[in-house]
Protein chains: 2
Amino acid sequence: MNPLVSAIERHVELSPKEREAVESLREAPLVRVPARQTTLSEGDNPRVVRLLSQGWAYRFKDLPDGRRQIVGLLLPGDFFDLGVRLVDEMDHSIAALTPIAYHAIPPETIDRLAREYPRIADAFARHEHVSTSIHREWLLNLGRRNAFERLAHLFLEIFMRLRASGSARERECDCPLTQNDLADATGVTSVHLNRTMQELRREGLVELKSKRLFIRDYDRLTQVAMFNPNYLQIGRETRHLAQ
Amino acid sequence: MNPLVSAIERHVELSPKEREAVESLREAPLVRVPARQTTLSEGDNPRVVRLLSQGWAYRFKDLPDGRRQIVGLLLPGDFFDLGVRLVDEMDHSIAALTPIAYHAIPPETIDRLAREYPRIADAFARHEHVSTSIHREWLLNLGRRNAFERLAHLFLEIFMRLRASGSARERECDCPLTQNDLADATGVTSVHLNRTMQELRREGLVELKSKRLFIRDYDRLTQVAMFNPNYLQIGRETRHLAQ
DNA sequence: CGGTTTTTTGATCTCTATCAACTATTGTGG
DNA sequence: CCACAATAGTTGATAGAGATCAAAAAACCG
């Protein structure tokens, strides 16, 4: 199953015709960006809707003095801002984490699809809604969880999102983030992140080696992270697979 | 100028007919909620779109062990989740900060308005988009600013948002949050928040007394907060007033 | 294989949490 | 309008999580 269709079908069931319409988005020009390159900067005026086809990217913001915060991860099948056409200045930046390829879709195509197929419009809206819910969960993460819990939570989110798109195995998945990236996502320094990661490892909860994440104790991990998957709006059947 | 119309008109210019259509939202039944009451809980299935007419509210999430994080403020004129009809489980809760009154609008009314008046649909979308941008700025706030900078930033956001809706004076505005609320919004304890607030006062930046916020040194405040108003998408003319 | 990036370690400092009063302010019923 | 209760703000002492700085070890890459 390809992550693009499933990212939409996770939200609504599609008729064959609708699925075909969604698939047609893949005809939009494909743009490749090397790893670690910023593809969209705060202040830019984005002119197309982007649909991530391959690779991982992240949203980030930075402060004048160089402090940086990753505010979200983009996985294959994710849109970068469906509502972007309405906005004239990006409030944040987006960079490739790995080499990526995205489809550059003219906003009119999105509008047309949404107009012709109300269920697809709903799916787009839900996709945006989930992105926002994720932001809120991250706010809780940064504001009220400690480093250990935060990292546990982040790993679980990655694992759950990948599994929902069919890209994870039973208890492992890709995770191309460096400790530096993880530190920028969890709001700690990389030194402290390193120590926190060792603790997760020592506790037999999670291991990360050669860009691959291994969940060693799923139950205890969800417990220490106080992970409640409802914010991801993953359907019942998918959530069921979690057990 | 009433905050409802201006909240929409901030985003797009309306024709008299469009303005009338927006005004018609105020015919929706008005619901009153006493201060400090939770009006919508995580897990609930919201059936209407709510438009805050009077008073302040906040979004929050909490952890099983009682830690709580405020993830956003709702001011008069704000919608609580236009996209709510698409969702079957709230990912967060909403509570009244002061006594509030909101309009309970059937989702069909929103849909109809959006269908009939594309510019209003755009305004709705922008409103949602700004809410999301605010979440991202808060992520930066919690992840990378220290307590002093965070609080300075929060005060500026409140001031700027109120001023954009015409509810602030030159250098002061309402601010009904207790120190406990401010602590929950900035991710620190109330004791530490108290000390941070004293420092802001001592430095001659901001004062808060009897629920009223006084900006004592706007320039230095924006500087220490590293405040960049672009995320609020406040129009050029409004931003101009900031000086 | 040599150079770069990433991970790891140790020592020390600082910011924020915690706990436990205490004071001031606000609000309410008599 | 006062009295008292409840809420909100303040203080001090101490503990702990996470930051900082500097450098070494390990992994990765062309």
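Letters A, B, ... are given to chains in the order of the sequence lines, protein chains preceding strands, and every chain is numbered from 1.
- Shown here is Arg32(A), whose CZ atom has no more than 12 heavy atoms of other residues, nucleotides or ligands within 6.0 Å.
- Helix bend of the helix from dC1(C)-dG30(D) to dG30(C)-dC1(D): the angle between its two end axes, each built from five pairs, comes to 60° after rounding to 10°.
- Taking atom CZ of Arg212(B) as the reference point, atom P of dT25(C) lies 19 Å away to the nearest angstrom.
- Using modelled atom types, no side-chain atom of Arg163(B) and backbone atom of Ala168(B) make a donor-acceptor pair closer than 3.5 Å.
- For Arg67(B) and dT16(C), the CZ to P distance is 17 Å, given to the nearest whole Å.
- By the salt bridge (Lys or Arg N to Asp or Glu O under 4.0 Å) test, Arg201(A) is found to be paired with no residue, residues two or more places apart in sequence or in another chain being considered.
- The ring pair (Phe, Tyr, Trp, His ring centres under 6.0 Å) analysis of residues 141-176 of chain B, with sequence neighbours excluded, yields the pairs His153(B)-Phe227(B), His153(B)-Tyr231(B).
- Legend: residues meeting side chain to side chain contact (heavy atoms under 4.5 Å, CB included) with Thr178(A), ordered by chain and number and at least two apart, are Arg36(A), Asn180(A), Asp181(A), Lys211(A).
- Atom NE2 of His103(A) and atom CG of Leu25(A) lie 8.0 Å apart (nearest 0.5 Å).
- Counting only residues at least two apart or on different chains, the side chain to side chain donor-acceptor pair (under 3.5 Å) pairs with a member in residues 58-69 of chain A are Tyr58(A)-Arg68(A), Arg59(A)-Asp81(A), Arg59(A)-His92(A), Lys61(A)-Glu137(B), Asp65(A)-Arg67(A), Arg67(A)-Glu149(B).
- Rounded to whole Å, the distance from CD on Glu199(A) to P on dT7(C) is 18 Å.
- Here the closest non-hydrogen pair linking Asp78(A) and Arg161(A) is OD2-NH2, 2.9 Å.
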Exercise for review: Would you give a per-nucleotide map of nucleotides 8-27 of chain D, 5' to 3', where B means the base has a protein non-hydrogen atom under 4.0 Å away, S means only the sugar-phosphate does, and - means neither?
Suggested key: SSBBBB----BSBB------

